[in-house]
Structures are given as C-alpha cells and as structure tokens.
**Student:** 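To start, I am sharing the structure in question, which I have written as structure tokens.
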Protein chains: 2
Amino acid sequence: MDYYPDLDLFARTELLQGTPPDALRVLQAWAGRRRLAAGDILFQQGDRTTSLFLVIAGRLRASQMAQGGQQIIIRYIGPGEVAGCAAFVENDTHPGTVTAVDDSHLIGWTSASLRQIMERYPVIAINAVALLCRRYHEMQIRLREVSTERVERRIGHTLLRLAHQSGGRTARGIEIAFPLSRRDLAEMVGTTLYTVSRIVSVWEERGIVSSGRRRVVLCKPHALAAIADEEE
Amino acid sequence: MDYYPDLDLFARTELLQGTPPDALRVLQAWAGRRRLAAGDILFQQGDRTTSLFLVIAGRLRASQMAQGGQQIIIRYIGPGEVAGCAAFVENDTHPGTVTAVDDSHLIGWTSASLRQIMERYPVIAINAVALLCRRYHEMQIRLREVSTERVERRIGHTLLRLAHQSGGRTARGIEIAFPLSRRDLAEMVGTTLYTVSRIVSVWEERGIVSSGRRRVVLCKPHALAAIADEEE
DNA sequence: CAGTCGTTTTGCGTTGCATCAATGCGCGTC
DNA sequence: GACGCGCATTGATGCAACGCAAAACGACTG
C-alpha cells in the first residue's frame with residue numbers, strides 16, 4: 001500500500017476540503033513542488049500565470065507596485081492558503097508579486113491541469129468560488145477602512161487581523177508569527193513607516209503592544225480592539 | 001416549440017457564457033424574477049444571502065457602510081453582470097447593500113439551487129471563479145490607488161473606468177450612462193464631495209469634462225488619462 | 001409661481017499626515 | 001572589536017485635503 005504524505009494535509013486546506021480521495025490522488029500526481037528561501041520571489045507582477053500554488057509551510061507576501069515605486073501589501077499567505085489566484089484563469093497575468101517572507105514549501109498545479117480537475121471535480125471549483133468570495137470581501141473591508149478611517153484605527157485593525165490570521169500565543173501576548181517591519185505595516189495600511197513608528201511607540205508606552213526589530217506582540221488585544229472600534 | 005426569450009441573453013453574460021443549452025433551460029426554469037425602481041434596495045448589508053442576481057437591464061450600486069455613517073461605493077453593476085456575489089456561498093451574509101440607481105430588471109437563483117447547478121455544470125462554477133478573480137483584481141488596484149495616489153488622479157482613474165464600463169458616445173464626448181453625483185464620485189474615490197467638486201470644476205474650465213446635476217461627460221478622455229497616469 | 005428639497009459651488013480655517021533630516025540601535029560580517 | 005547596513009525613533013515643517021458654512025442653482029411639487 002502506497003503512502004501519500006500530502007493527502008490528509010490537502011484535505012484540510014481551503015481549496016481542497018471535501019474533495020473525494022481519488023481526486024486527491026490525481027492532484028498529488030499532477031502536483032509540482034517548489035521550495036523558497038526567505039526573500040525569494042515566487043512570481044512577479046505582470047508575469048503570465050502558469051501555476052496556482054498551495055502553501056504547505058512557511059509564509060509569503062503578495063504585494064503590488066505602483067508606477068512611482070511605492071508598493072502596497074495585498075496580503076500575507078500562510079499554510080493551507082492559495083497563492084497566485086489569478087492562475088485559476090488561463091492566459092492571464094499576475095496582478096502582484098509574491099515573495100517568501102519565511103522559508104516556504106509550496107505545491108503547484110498548472111492552470112490547464114487545474115481547469116481539468118475543476119471540470120472533473122466541481123467541489124474544487126466551488127471551494128475556489130468560496131475562497132475568492134472571502135478574499136473579495138476582505139478587500140472590500142480594507143478598501144472601506146482606507147477610505148474612511150484614520151491611520152491609527154487602520155493600524156489597529158490590521159494588527160488584529162494579522163494576529164487572528166497567524167498569531168501565536170506567548171507569555172507576553174499574541175505574537176505575529178513572521179517578521180513584520182514598520183515599513184511592511186505601513187504598506188499594508190496605506191501610510192508611511194514614520195507614522196506607523198510614532199503610533200506604535202505610543203502604544204508601546206501604554207503597554208498595549210511590545211515590538212522590536214520586525215517583531216510585534218499584542219499584549220492587550222482588547223485595548224487595541226477598543227482603539228480600532230471605538231465610537232467616533 | 002417553446003420560446004425562451006432569456007436563453008440567448010444568458011449565453012452572453014459573464015457567468016453563463018459557454019454553458020450548454022440544457023443547463024440554460026434548467027437555469028431558466030429555476031430563475032426568479034425581480035423588478036426594481038430607481039432607489040429601491042435589493043438587499044441590505046448584513047442580510048443573509050438567499051439569492052444571487054443577474055442584471056438583465058438597468059444599473060445597481062453596491063455600497064458598504066462604515067459605523068460612522070460614512071459609506072463607500074464598491075462598484076456599479078450593469079447588464080450581464082452579477083449582483084450579490086456572496087450568495088455563491090450558502091448561509092453567508094451580504095457584505096454590502098445593493099441599490100438600484102436606474103429602473104432595473106433582475107433574475108435570481110437561490111444559493112442552494114445555484115450550488116446544485118454548479119455541481120452539475122462545472123462550467124458555471126469555473127465562470128464564477130473567473131468573474132471573482134476579476135473582481136478581486138479590480139479591488140486590488142483600487143486599494144493600491146487609494147493607498148498611494150492623491151485624490152485628483154484617483155478621480156481621473158475612476159471616471160475613466162466608469163466610462164469604459166458604461167460610457168455612451170455622444171456629440172460632446174463619452175457620457176457616464178447613469179446618474180452620478182459628486183457625492184457618489186466621492187464615495188467611489190474615498191474623498192469628500194467638496195474636493196470632488198473643486199477638482200471637477202477645474203477640469204470643466206479646461207474643457208476636459210462637462211458635467212451638471214448628476215451627469216458627467218468626458219470631453220477629452222486622453223487629457224484625463226494624461227492627468228491620471230502622468231509620471232510623478 | 002412660490003416653496004422646498006437635493007445638488008453643486010466656493011471661501012476659509014483647520015488638521016492629519018507626509019516629507020525631510022538627523023540620530024540611535026541591533027545584528028551580521030570581515 | 002570595528003565597521004556597515006537595515007531598521008526604528010523623533011523632531012521640525014509644509015501641504016493636501018477635510019470639514020464647516022453659506023449661497024447659488026436647478027428641478028420637482030402643490
């Protein structure tokens with residue numbers, strides 16, 4: 001009897017949950033593997049979409065460049081999540097660049113094979129639809145935040161989201177589980193690293209967060225939530 | 001032989017293109033109809049998702065409220081497009097409110113029947129994936145714009161997009177085909193109606209646009225594009 | 001035709017945040 | 001241990017855009 005180490009892992013991802021075992025075996029057979037060291041680029045903005053990737057381990061960052069050289073961070077992608085959504089559609093181009101922020105291990109399928117698989121196993125297409133709805137919804141909320149809220153609250157919401165998505169419990173509080181600099185935060189929030197630094201410094205004095213070189217720990221998440229959601 | 005007036009219309013929409021004729025007939029049989037007058041609400045933010053709607057005629061606006069009473073416009077939805085994406089997923093809630101800005105005619109399917117249809121006809125699920133990818137990509141670009149560009153350029157981009165999406169050729173230039181107030185524009189761009197008014201007034205003096213009560217005509221689209229995309 | 005309501009314009013004071021510049025700190029490297 | 005580099009802090013300054021207020025301008029209504 002063969003041993004397929006990926007199978008049960010597959011079955012717990014957002015894209016492949018509920019997929020019949022034979023589909024999982026097909027997926028495994030067609031999968032390509034990819035390892036990245038922290039800092040490596042998976043693909044660049046404007047590249048043709050060749051493959052969709054599933055993150056097995058590690059963490060990636062999807063970002064988008066403006067013509068002025070500024071960039072924003074679209075999202076961080078962790079284990080079980082999908083990188084390179086645009087590859088769901090054949091012959092498209094990637095809207096952003098995806099970079100590894102930690103050493104990462106990925107599995108990829110070509111757009112063409114993915115399409116075949118979705119035709120044969122509609123569950124996967126339906127999972128993809130659900131996943132994209134979530135992402136779309138996420139973006140709507142961020143667009144609203146950046147359009148209507150001021151910087152302090154946006155930083156608050158962003159940290160809470162990151163903590164929720166990939167926070168680890170520690171003695172001091174919830175720690176963001178990957179390196180996150182002031183500049184990174186600024187590019188998620190739509191501000192400058194200077195402003196982030198000032199605001200986080202104030203929070204640090206108040207004991208709400210504890211942060212250092214590319215590390216952030218939320219000591220009092222509820223206090224942060226109060227700042228992020230207080231009435232007017 | 002029966003006459004199904006919707007069938008060829010269906011086959012030209014983003015969601016249903018490439019769908020086999022028998023699927024179209026099933027879809028037609030399961031469809032609910034809905035008519036809205038300008039100003040009517042299709043569903044509210046927070047409502048449970050019951051149905052997904054296809055716009056046959058008219059125009060709708062998807063918006064999202066912030067707790068302070070401010071709101072932003074997510075997008076305008078025209079004929080052939082889909083309203084209420086969240087209904088792709090059963091037992092979810094709508095992230096925004098959808099309102100008719102013109103008298104509109106819609107067709108709807110319940111989430112449950114939609115799911116069955118997608119299982120039976122994966123093309124539709126795959127179309128949905130492509131559609132959501134496009135929307136997701138759109139939002140990424142808007143998020144980048146609102147985070148990195150200043151108001152004048154954002155208004156320019158927004159008008160160009162609207163013109164592209166639903167502009168009608170007229171003697172004076174390209175006219176946005178539905179009522180669009182300064183406030184509406186402000187809520188799409190993430191600014192105030194005052195700022196929009198000022199900037200549009202300047203453009204009006206320069207002959208780039210011509211606008212009045214809830215009407216906008218782009219007289220010199222290329223000049224607008226130059227403003228929106230000029231280097232630095 | 002007067003009255004009302006929604007939209008747009010415009011002036012002006014205010015301010016949140018960007019921008020520039022200088023300094024300090026921690027970490028890896030030769 | 002000294003150097004250099006990337007990251008973080010902090011102050012000073014300027015400006016783009018906000019927010020208020022008041023008025024002008026249609027458009028619709030009784």
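Note that the structure is a prediction, hence the values are computed from the model and not measured. First the proteins, then the strands, lettered A, B, ... as listed; each starts at 1.
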**Student:** What does the list of N/O pairs under 3.5 Å between the protein and nucleotides 15-21 of chain C look like, with a distance for each?
**Tutor:**
from	atom 1	to	atom 2	distance (Å)
C:dC17	OP1	A:V151	N	2.9
C:dA18	OP1	A:T191	OG1	2.8
C:dA18	OP2	A:T191	OG1	2.7
C:dA18	OP2	A:T192	OG1	3.3
C:dA18	OP2	A:T195	OG1	2.4
C:dT19	O4	A:R198	NH2	3.1

**Student:** What protein N or O atoms touch nucleotides 5-7 of chain C N or O atoms at under 3.5 angstrom, if any, and at what distances?
**Tutor:**
from	atom 1	to	atom 2	distance (Å)
C:dG6	N2	B:R213	NH1	2.9

**Student:** Between the main-chain N or O of A:L193 and the side-chain N or O of A:T195, is there a donor-acceptor pair closer than 3.5 Å?
**Tutor:** no
**Student:** For atom CZ of A:R35, decide whether the heavy atoms of other residues, nucleotides or ligands shown that lie under 6.0 angstrom number more than 12.
**Tutor:**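 No, not enclosed.
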**Student:** Of all nucleotides in DNA chain D with an atom under 4.0 Å from a non-hydrogen atom of chain B, which is the first and which the last going 5' to 3'?
**Tutor:**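 The footprint of chain B covers D:dA16 to D:dA27.
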**Student:** Between A:R75 and B:Y136, which heavy-atom pair has the shortest distance, and what is it?
**Tutor:**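 Nearest pair, atom of A:R75 first, then B:Y136: CD-OH, 3.4 Å.
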**Student:** Show me the donor-acceptor pairs, under 3.5 Å and distance only, between side chains in residues 140-150 of chain B and residues at least two apart or in other chains.
**Tutor:**
from	atom 1	to	atom 2	distance (Å)
B:Q140	OE1	A:Q64	NE2	3.3
B:R142	NH1	B:I74	O	2.3
B:R142	NH2	B:I73	O	3.0
B:R142	NH2	B:M188	O	2.9
B:R144	NE	A:Q64	OE1	2.7
B:E145	OE1	B:R161	NH2	3.2
B:E145	OE2	B:R161	NH1	3.1
B:S147	OG	B:L143	O	2.7
B:T148	OG1	B:R144	O	2.9
B:E149	OE1	B:H157	ND1	3.1

**Student:** Kindly write out the residues that satisfy side chain to side chain contact (heavy atoms under 4.5 Å, CB included) with A:S211, not counting sequence neighbours, or none if the list is empty.
**Tutor:**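 Checked A:S211 against side chain to side chain contact (heavy atoms under 4.5 Å, CB included); matches are A:R182, A:V200, A:E204, A:V216.
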**Student:** Just how far is it from atom CG of A:L54 to atom NE2 of A:H105, taken to the nearest 0.5 Å?
**Tutor:**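 These two atoms lie 10.0 Å from each other.
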**Student:** Under 3.5 Å, which donor-acceptor pairs do the side chains of residues 169-177 of chain A form with other protein atoms, sequence neighbours left out?
**Tutor:**
from	atom 1	to	atom 2	distance (Å)
A:T170	OG1	A:R172	N	3.4
A:T170	OG1	A:G173	N	3.3
A:T170	OG1	A:G173	O	2.7
A:R172	NH1	A:S210	OG	3.2

**Student:** Touch check for B:S201, heavy atoms < 4.0 angstrom, all strands: base, sugar-phosphate only, or nothing?
**Tutor:** sugar-phosphate
**Student:** Can you tell me how far CG of B:L224 sits from CG of B:L218, rounded to the nearest 0.5 angstrom?
**Tutor:** 6.0 Å
**Student:** Keeping the roles fixed (side chain from B:D47, backbone from B:Q44), state whether a donor-acceptor pair exists under 3.5 Å.
**Tutor:**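 Checked: pair present.
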**Student:** Decide yes or no for A:I227 and A:E152: does some side-chain heavy atom of the first lie under 4.5 Å from some side-chain heavy atom of the second?
**Tutor:**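 Contact flag for A:I227/A:E152 side chains = yes.
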